[in-house]
J.: 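Before I ask anything, let me first share the structure, which is written out below as structure tokens.
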Amino acid sequence: MAPGVVEPAVSSEKTRDLSSVTESYDDTLRFYLNGTKVVLDTADPEVTLLEYLRGIGLTGTKLGCAEGGCGACTVVVSQYNPTTKQIYHASVNACLAPLVSVDGKHVITVEGIGNVKRPHPAQERIAKGNGSQCGFCTPGIVMSLYALLRNDSTPSEHEVEEAFDGNLCRCTGYRPILDAAQSFSAEKSSGCGMAKANGGGGCCMEKNGANGGGCCKSGADGDDQPIKRFTPPGFIEYKPDTELIFPPQLRKHEFKPLAFGNKRKRWYRPVTLQQLLEIKSVYPSAKIIGGSTETQIEIKFKGMQYTASVFVGDIEELRQFKLHDDYLEIGGNVVLTDLEKICRDALKHYGPARGQPFATILKQIKYFAGRQIRNVGTPAGNLATASPISDLNPVFVATNTTLVAKSLEKATEIPMAEFFKGYRMTALPPDAIIASLRIPVSREKGEYIRAFKQAKRKDDDIAIVNAALRVKLNDEYIVEDSSLVYGGMAPTTIPAKKAQAYLEGKKWTDLATLEGVMSALEEDFDLRFGVPGGMATYRKSLAMSFFYKFYHEILAEIRADQTDVDTQAIGEIEREISKGQKDHDAARDYEQKTLGREKSHVAAMQQCTGEAQYTDDIPVQKNELYGCLVLSTKAHAKLISVDPSGALDLPGVVDYVDHRDLATPESNFWGAPACDETFFAVDEVFTAGQPIGMILADTAKHAEQAARAVKIEYEDLPAIFTIEEAIEHESFFNHFRYIKKGDADKAFEESDHVFSGIARMGGQEHFYLETQACVAVPKPEFGQMEIFSSTQNPAETQTYVAKVTGVAANKVVTRVKRMGGGFGGKETRSVQLAGIVAVAANKTKRPVRCMLNRDEDIMTSGQRHPFLARWKVGVNKDGKLQALDADVFCNGGWSQDLSGAVVERSLSHIDNVYHIPNVHVRGRVAKTNTVSNTAFRGFGGPQGMFINETFMSEIADHLGIPIEKFREINMYGSENGVTTHFNQEMKDWYVPLMYKQVQEESDYWRRKQEVEEFNKTHKWNKRGLAIIPTKFGISFTALFLNQAGALVHIYHDGSVLVAHGGTEMGQGLHTKMTMIAAEALQVPQESVFISETATNTVANASSTAASASSDLNGYAIWNACEQLNERLAPYREKLGPDASMKDLATAAYFDRVNLSAQGFYKTPDIGYVWGANTGQMFFYFTQGVAAAEVEIDTLTGDWTCRRADIKMDIGRSINPAIDYGQIEGAFVQGQGLFTTEESLWFRGNGQVATRGPGNYKIPGFRDIPQDFRVTLLKGVEWENLRTIQRSRGIGEPPLFMGSAVFFAIRDALKAARAEFGETEVLKLQSPATPERIRISCADPILKRAWVEPREGEKSFFVAI
């Protein structure tokens, strides 16, 4: 029996009928790919477009999530659009698109539009504009921009801003991508290079005013001149007429009905409605596919199998529309992008009053998924899947739309109010399809309709609650009829029946009507605390807030003069087109020949053209097998039996690997520093997602299917999930650290005030775009093995691969070309996959490859540690801190991993930048049955500083001191000294200076006053402003890791090859290292190359982490270059200062001089002793200050960051362009940590619920600050900084500054609570999600919506 849910089980005569109906269908796919004709006679019916492209070697298109949520797989499909009768270039998610969907179309991939030698302008501008860091998301972003330009060569700034709503990037913070893309916008690409839009000082037209002196270029015949597009200096001009043409043969392509497949699955592609209805009549359970946006996810993640699928995207009749007198009819299969245009036309045609339904559809489509999904998704698909949170279904129900269902025998009209029958169930007859929808227009007078939606993130997100609210009033404003239809409040799209009944006959202008409806809504949506999906209070408050907004908006429209209209409840937060500023002169004072200059990432162009190779892009080896992990589904259980026999019988399956296949039972254990984790579970599983075994098969798909067929019997054991539960059960790892300075107890007795509280923050998923990946290639001799791994830690990978295969480390070579992001998540957790894949390769003696799916990656690879701290602080009347006592706990998960070091760093950063004379802080690691948490950019530092800023904010509120002043009086500096609680004196201390500069440069106090004025005059929308300083200690806290090696070769031709122990994950390390080598050897940077990081060139390297890699590896390279310079000195003298490296190297070679050198560096002076509190912990501190301003809508919890100003002290920057990228990227990642990113677990089974972009929300393009300004500290001396070039490490330090957004939200919430008389000090947990923002308010609507748990009732989700 095949695994998964097989649907449907078909009787053989039905199949016979189907084959007779489709007998004459063609079985050949014909399409164009990058301008070349492709004819497929034997297409695999189970592959997606992405799998096909990567299978033929076009690996530029990436797999990031397999659910259409990240955009890494974006390609362009050019086609004749039967709705608009024009050629349309659609950006689509190749990971969802079935191969059948491209028949008769032109598929364009990133390789098809340009290459490194001849890049497309879109590729070139993103590369040179520093828009690519790790590069894994870049091809998808390039293709989204390409699609925009193909459809409109002069898009508006607004269109450019919205073009990427279906793409995610984890590295850049989006600003440089948007800046590069905006260079194509009409505003920036037309007219004059001096225009302000183009970064000039202002064109003469702007300077002279609209009717002033006119244009300096206008001559006598100026009017006849075509406007020349502005191209930024040094860039390729964009010429739309040079693009790949739409193949003329495709204009004549005859769409024939198709039928192809194999025993397991067949595809049918009818091209007429009649053909579709014939198929449906003989085979009612055939799966109808439009955009495949839901079905492909069911197949991939739920193991569903559909034996017969019917693609309906090429049936012209289903993609038409018609404007009738009193309704608009749209074909069921009109794609949502076309529906936008149709609705805009309908609005013009019917006018604003009668066209209201189309305005509401437009509003809902605006934030409906991303453009790639809207290009293929259809209303019929939306209706048929019957999702309870569909954005469009409430509109169709509220507008009394009629659905026309057609079968071979008849057409049935179904009112939308009767269509949804239950969870994912509809009234559609089994043999019918959704042919069209008739959407009635509104009445010219007295009918009003509005739509609402609230999600975790503005763009490309599923709704938490949505609604379409409609009311019909007579001339006396009496309600004749209403529809209040909600999604996200029940298992189906549902009308608020009691509220609708109450409204009938009531006078709209009477405020008692509002009160009555609110009471009725409380009854309609009486959610219990443990409701599936959670968020009971929030969802209920949204249902009421939406009606409150609707009521007042309509009241304002009909009686604008009425005093009781709450105009401030109307509308929602709108974003402006975002912009940014950087100081490009920051490094001018210390620029050298190469160092200190802004240069783009060395591989940026390769990344933008899809030529950069990642682990899974390595060409398939001969006899290669694909591995798929068999993971535990229980949080804590005994393994009674594991039976892979059913899986081994499936086609293509070769073997099963588990703990019995390791070299020795001891070699199953791994982990640093405590070796307490197993590669494979043995008798017991300790977390859901723990590897039990691995299936090996000939294809990734076969391996996945077989992994589901492994039968596992468990016996449940009690499980612990949260830190609170661990404290209660005293479940801790044996790791206890403390820092003690002064006498805290005595200081509390002498303090004027003592405050205590709890700080709590959630974890964070790394969400690197490239998941964990590994290819293991066994060699025929000596048990040798080559490991290609996406890892930050090649040396540890080598060590454990040697251990599991039973050979010495010198037989194993680990190689890393680059990673598609790491952020700490590939420092230790990559070892797990590499070890398992190596065991498989060793057993089968064949190469084995495995790249985890996004859900597998999240389930197995750990997150940032959630933290809980119980703090007590003594403070005097003058606001000076006297003492801190804190118990700090982190959730380590089921194994120790690096949790001990993480909690240590939180203790060392719990002072942030403030002098606290008496400190006693203790750290413990909670042992729970969740995924083993691990390193993540900041490594405990952000958590420690968050605890600090939490108590600082709360104490300032208790004392009534402005928080900005409270921070200032306690800051380290001349008055308070510069010695930390771990007795380290800080040198080159510039936080107080930057704190002052950021306030001045951001106009902080004037804006603070404006915020206060705004809050006085706005009841529901509130603004907040916060300024947050940071310091981050640079060094590994484990002393032995602070070392690095490098190997430098000079060849005859003068070219230089550098190898060092650091890995490239997008942070630009290789770029900085080539610059250092070029400067040291006095050669052009182009002459220096770094091929890869490998354990056979640099041995025993530390992991690339702790923001110390530039310092360590840079000095090791410098050391090697100094040795070479010494050897070359006589030849420089002999051949003169202008001699090229080629001449020098050749001369030295003939004199038998060694042109290879091995460099080494270890960080001096450091070595802290825990307990004794002696020795230097960090080599130095990177410092910064950030200010952020936000606006929140307290009725919905929606928010936006209006502006952020960041200033970093990074010493003398090696490459400011790279450093700016790190600062922006870290800030946005930090903003995500403290706002939108919330990891949740199912209480029922202990599995992580947020396991993909669908429900885990990293910031998107439209979440970044609207005005994003970054500067570097300049004009100071760094006398004590003894690093390479006197630069400071930059990877982690800026991340905590994203918390400025969190504290600005807290500031806005204080105003919101004060509005309704709530004076209690606000205790705000992180992350500040829209839900947490809303339920932290104090308004009457929230109080009415509040849901208390009944006795013993628990929430649906758990936040660990």
Side-chain angles (χ1 to χ4, degrees), residues 4 46-51 53-54 61-75 91-98 101 136-137 139-141 143-144 164-170 287 289-306 336 367-378 381-382 385 387 389-391 424 455-457 459-463 616 628 689 700-701 704 708 765-773 820 851-861 1236-1237 1239-1240 1247-1258 1260:
E46 295 187 78
V47 304
T48 59
L49 176 57
L50 176 66
E51 288 160 344
L53 292 171
R54 292 185 62 80
T61 310
K62 306 296 183 208
L63 175 67
C65 69
E67 56 176 80
C70 72
C73 64
T74 305
V75 296
S91 54
V92 304
N93 294 117
C95 72
L96 298 178
S101 67
F136 201 81
C137 65
I141 287 169
M143 294 314 288
S144 285
F164 304 103
D165 59 0
N167 292 83
L168 293 175
C169 166
R170 194 53 153 162
K287 185 73 176 171
I289 307 287
S292 193
T293 55
E294 179 101 7
T295 310
Q296 185 51 37
I297 291 170
E298 292 174 347
I299 292 167
K300 179 84 176 168
F301 298 109
K302 297 180 185 170
M304 303 288 273
Q305 287 183 334
Y306 299 105
L336 299 177
Y367 298 118
F368 187 110
R371 174 60 64 200
Q372 293 92 318
I373 299 287
R374 296 198 296 274
N375 278 334
V376 296
T378 64
N382 224 315
T385 54
S387 165
I389 48 173
S390 156
D391 294 335
R424 303 271 183 184
K456 292 180 182 181
R457 182 179 71 200
D459 273 323
D460 189 12
D461 196 1
I462 50 175
D616 195 46
C628 181
K701 220 171 213 113
E704 264 178 47
R708 288 197 183 98
E765 167 53 39
H766 299 90
F767 219 103
Y768 28 67
L769 265 285
E770 177 204 31
T771 56
Q772 304 278 0
M851 182 177 182
L852 297 183
N853 285 327
R854 178 64 58 188
D855 60 330
E856 294 168 332
D857 188 282
I858 291 176
M859 287 161 70
T860 58
S861 69
T1236 52
E1237 297 183 45
S1239 290
L1240 296 170
Q1247 292 185 23
V1248 64
T1250 44
R1251 57 173 80 169
N1255 41 30
Y1256 185 81
K1257 298 296 164 184
I1258 72 170

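The structure displayed is predicted, hence computed values, not measured ones. Both backbone and side-chain heavy atoms feed into the values below; hydrogens, waters and symmetry mates do not.
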J.: Take Asp460 and Arg371 through the salt bridge (charged side-chain N to carboxylate O under 4.0 Å, His left out) test and state the conclusion after the steps.
T.: CA-CA 9 Å; Asp460 189 12; Arg371 174 60 64 200; over 6 Å; no
J.: Do you know which two heavy atoms are closest between Cys95 and Gly68, and how far apart they sit?
T.: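 That would be SG-N, 3.5 Å.
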J.: Just jot down the side-chain contact (heavy atoms from CB on, under 4.5 Å) partners of Ser144, sequence neighbours excluded, or say none.
T.: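 Counting only residues at least two positions away or on another chain, Ser144 forms a side-chain contact (heavy atoms from CB on, under 4.5 Å) with Thr74, Phe164, Asn167, Gln372.
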J.: Keeping Arg457 on the side-chain end and Thr1236 on the backbone end, is there a donor-acceptor pair under 3.5 Å?
T.: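 Here the side-chain-to-backbone pair does not exist.
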J.: Got Asp165 and Arg374 here, is their nearest side-chain heavy-atom distance under 4.5 Å?
T.: yes
J.: Hey, does the Lys NZ or Arg CZ of Arg854 hover above the aromatic six-ring of Phe301, less than 6.0 Å from the centre and inside 45° of the axis?
T.: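 No, cation not above the ring by the 6.0 Å, 45° rule.
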J.: Checking Arg1251 now: which residues fulfil salt bridge (charged side-chain N to carboxylate O under 4.0 Å, His left out) with it, not counting sequence neighbours?
T.: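 Testing Arg1251 for salt bridge (charged side-chain N to carboxylate O under 4.0 Å, His left out), a comparison that skips the adjacent residues, returns none.
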J.: What heavy-atom pair brings Cys65 and Gly69 nearest, and what distance separates the two atoms?
T.: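 The pair with the smallest heavy-atom distance is SG-N, 3.2 Å.
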J.: Hey, is Arg424 close enough to Glu294 for a salt bridge, meaning N to O under 4.0 Å?
T.: yes
J.: Can you tell me how far apart CD1 (Ile373) and CD (Glu67) are? Round to the nearest 0.5 Å.
T.: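 Ile373 CD1 to Glu67 CD: 9.5 Å, rounded to 0.5 Å.
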J.: What pairs with Lys300 under side chain to side chain donor-acceptor pair (under 3.5 Å), at least two apart in sequence or on another chain?
T.: Glu704, Asn853
J.: Indicate the atoms forming the closest heavy-atom contact of Cys137 with Leu168, along with that distance.
T.: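 Closest pair (atom of Cys137, atom of Leu168, distance): CB-O, 3.3 Å.
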J.: Can you tell me how far NZ of Lys1257 sits from CG of Asp459, rounded to the nearest 0.5 angstrom?
T.: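 Asp459 CG to Lys1257 NZ: 10.5 Å, rounded to 0.5 Å.
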J.: Quick one: does Thr61's side chain have a donor or acceptor within less than 3.5 Å of a partner on Cys73's backbone?
T.: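 A pair under 3.5 Å: no.
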J.: Work out which heavy atom in Ser1239 is nearest to a heavy atom in Tyr1256; give both atom names and the distance.
T.: OG-CE1, 3.5 Å
J.: With side-chain contact (heavy atoms from CB on, under 4.5 Å) as the test, would you mind laying out the steps for Ile141 and Cys169 before giving the verdict?
T.: CA-CA 9 Å; Ile141 287 169; Cys169 166; 4.2 Å; yes
J.: Run the side-chain contact (heavy atoms from CB on, under 4.5 Å) test on Thr385 and Thr295 for me, step by step, so that the C-alpha distance in whole Å, both residues' side-chain angles and the decisive distance to 0.1 Å come before the verdict.
T.: CA-CA 9 Å; Thr385 54; Thr295 310; over 6 Å; no
J.: Applying side-chain contact (heavy atoms from CB on, under 4.5 Å), run through Met304 and Lys287 and close with a yes or a no.
T.: CA-CA 11 Å; Met304 303 288 273; Lys287 185 73 176 171; over 6 Å; no
J.: Any salt bridge between Asp616 and Arg54, counting N to O under 4.0 Å?
T.: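 A salt bridge is present here (some side-chain N lies under 4.0 Å from a carboxylate O).
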J.: Heavy-atom distance under 4.5 Å between the side chains of Val75 and Leu53, does that happen here?
T.: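 Heavy-atom side-chain distance check passes, below 4.5 Å.
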J.: Work out which heavy atom in Phe136 is nearest to a heavy atom in Lys62; give both atom names and the distance.
T.: O-CG, 3.3 Å
J.: Could you grab the distance from atom CD of Gln296 to atom CG of Leu49, nearest 0.5 Å is fine?
T.: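 Between Gln296 CD and Leu49 CG, I get 11.0 Å after rounding to 0.5 Å.
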J.: Can you tell me how far the OG atom of Ser292 sits from the CD1 atom of Ile299, to the nearest 0.5 Å?
T.: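 CD1 of Ile299 is found 6.0 Å from OG of Ser292.
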J.: Are any of the side-chain heavy atoms of Thr1250 and Glu765 separated by less than 4.5 Å?
T.: no
J.: Do you know the tightest heavy-atom contact between Lys701 and Val47?
T.: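 Minimum heavy-atom separation between Lys701 and Val47: NZ-CA, 4.1 Å.
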J.: Rounded to the nearest 0.5 Å, what separates atom CG in Asn375 from atom CG in Asn93?
T.: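 Interatomic distance, Asn375 CG to Asn93 CG, rounded to 0.5 Å: 9.5 Å.
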J.: Measure the spacing between CD1 of Ile1258 and CG of Leu769 and express it to the nearest 0.5 Å.
T.: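 If I round to the nearest 0.5 Å, the distance is 6.5 Å.
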J.: Please step through side-chain contact (heavy atoms from CB on, under 4.5 Å) for the pair Asn382 and Ser387, ending with a clear verdict.
T.: CA-CA 7 Å; Asn382 224 315; Ser387 165; 5.6 Å; no
J.: Are Cys628 and Glu856 packed together at the side-chain level, in the sense that at least one heavy-atom pair is separated by less than 4.5 angstrom?
T.: yes
J.: Would you say Asp461's side chain and Lys456's backbone share a donor-acceptor pair under 3.5 angstrom?
T.: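 Yes.
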J.: For a quick check under 3.5 Å, do Asp857 and Tyr768 share a side-chain donor-acceptor pair by atom type?
T.: yes
